Amino acid sequence: MVDGMTAFADEVFMQQALDQARLAYAAGEVPVGAVVVNGAGEVIGTGYNRTIMDADPTAHAEVVALRAAGAHLGNYRLPGLTLYVTLEPCVMCIGAMLHARLARVVYGAQDPKTGACGSVLDVGAVAQLNHHTTVTGGVLAPPCADLLRTFFRERRLKEKSA
């Protein structure tokens, strides 16, 4: 159960993840953004999709933010931290989050094609895994989904006119 204070904080940090997603949009990348937050409410890692600009299939927003948080802390383990991301994580990303030992993952819009936190798969629910994290979905889902819809609509129009 999420209390009122946690729900408020979730929205505040999801707004920051949306700011990151807008940077991806401006760069021509799929607009997904992420932030990693410590227990004191400090953002210690940010990221947005960079797969095209970095020519790196692993440069999803979540992985970029995890790398920044790990560098900030000088550790690959990130216990007690929360990652906020505008789109439901894929298998690769939730796998990275589980390996990092995140306490919590909060996402905005569901991903009915590659979502691995309940939409297509639920990787975190696999009992045999040695680490589990709490997942909360749907935080600011409408603006997260709207940004993605707008991006893909514009992309289709550009392709159609080309």
Side-chain angles (χ1 to χ4, degrees), residues 1-54 56-111 115-119 122-125 129-148 151:
M1 179 101 180
V2 176
D3 64 26
M5 198 59 171
T6 302
F8 175 76
D10 285 353
E11 290 189 8
V12 167
F13 292 119
M14 190 60 73
Q15 282 292 350
Q16 292 183 39
L18 271 164
D19 290 342
Q20 291 294 308
R22 290 182 190 100
L23 293 174
Y25 191 112
E29 297 273 359
V30 174
V32 178
V35 297
V36 178
V37 179
N38 68 17
E42 300 168 311
V43 173
I44 63 165
T46 63
Y48 57 86
N49 273 1
R50 304 178 52 91
T51 57
I52 298 167
M53 71 176 77
D54 290 354
D56 180 355
T58 69
H60 289 197
E62 302 96 308
V63 172
V64 174
L66 287 171
R67 288 175 181 156
H72 176 84
L73 295 176
N75 197 339
Y76 71 103
R77 295 276 168 93
L78 306 173
L81 304 183
T82 300
L83 184 140
Y84 293 85
V85 61
T86 58
L87 182 65
E88 180 181 357
C90 69
V91 172
M92 174 185 70
C93 291
I94 192 64
M97 292 176 218
L98 292 172
H99 283 290
R101 308 294 198 260
L102 288 179
R104 193 161 173 249
V105 174
V106 180
Y107 70 86
Q110 287 186 313
D111 186 346
C117 293
S119 290
D122 194 351
V123 173
L129 294 174
N130 68 333
H131 180 74
H132 294 89
T133 185
T134 302
V135 176
T136 303
V139 175
L140 298 183
C144 292
D146 288 345
L147 186 62
L148 286 158
F151 175 83

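Since we're looking at a predicted model, the values are computed, not measured.
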Please identify each residue that fulfils side-chain contact (heavy atoms from CB on, under 4.5 Å) with [X], with sequence neighbours left out.
{"X": "Leu23", "value": "Gln20, Tyr48"}
{"X": "Ile52", "value": "Glu29"}
{"X": "Ala40", "value": "Asn38, Glu42"}

Residues forming a ring-ring contact (aromatic ring centres under 6.0 Å, His included) with Tyr84, sequence neighbours excluded: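 In terms of ring-ring contact (aromatic ring centres under 6.0 Å, His included), with neighbours along the sequence ignored, Tyr84 is linked to Phe13.
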Provide the closest heavy-atom pair for [X] versus [Y] in the form atom of the first, atom of the second, distance.
{"X": "Leu148", "Y": "Pro31", "result": "CD2-O, 3.7 Å"}
{"X": "Ala24", "Y": "Val30", "result": "CB-O, 3.6 Å"}
{"X": "Glu62", "Y": "Leu87", "result": "OE2-O, 4.2 Å"}
{"X": "Pro89", "Y": "Val105", "result": "CG-CG1, 4.2 Å"}
{"X": "His131", "Y": "Leu98", "result": "CD2-O, 3.4 Å"}
{"X": "Gly28", "Y": "Phe151", "result": "O-CZ, 3.8 Å"}

Under the side-chain hydrogen bond (donor to acceptor under 3.5 Å, both in side chains) test, residues paired with Glu88 that sit two or more places apart: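 Expected list: Ser119.
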Could you pull out all donor-acceptor pairs under 3.5 Å where a side-chain atom in residues 138-146 meets a protein atom, sequence neighbours excluded?
unit_1 : atom_1 : unit_2 : atom_2 : d
Asp146 : OD1    : Arg149 : NH2    : 2.6

Val123/Leu129 under side chain to side chain contact (heavy atoms under 4.5 Å, CB included): CA gap, chis, key distance, verdict: CA-CA 9 Å; Val123 173; Leu129 294 174; 4.1 Å; yes
Residue list, salt bridge (Lys or Arg N to Asp or Glu O under 4.0 Å) with Asp122, at least two apart or on another chain: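 Checked Asp122 against salt bridge (Lys or Arg N to Asp or Glu O under 4.0 Å); zero matches.
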Residue list, salt bridge (Lys or Arg N to Asp or Glu O under 4.0 Å) with Arg101, at least two apart or on another chain: none
Under 3.5 Å: donor-acceptor pair, side chain of Thr136, backbone of Val106: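 A pair under 3.5 Å: no.
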Contact list for residues 11-21, test salt bridge (Lys or Arg N to Asp or Glu O under 4.0 Å), sequence neighbours left out: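 Listed by first then second residue: Asp19-Arg22.
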Pairs of donor and acceptor atoms involving the side chains of residues 64-82, under 3.5 Å and at least two apart or interchain, shall be tabulated with distances.
unit_1 : atom_1 : unit_2 : atom_2 : d
Arg67  : NH2    : Thr58  : OG1    : 3.1
Asn75  : OD1    : Arg77  : N      : 3.0

Any Thr133 side-chain heavy atom under 4.5 Å of Met97 side chain: no
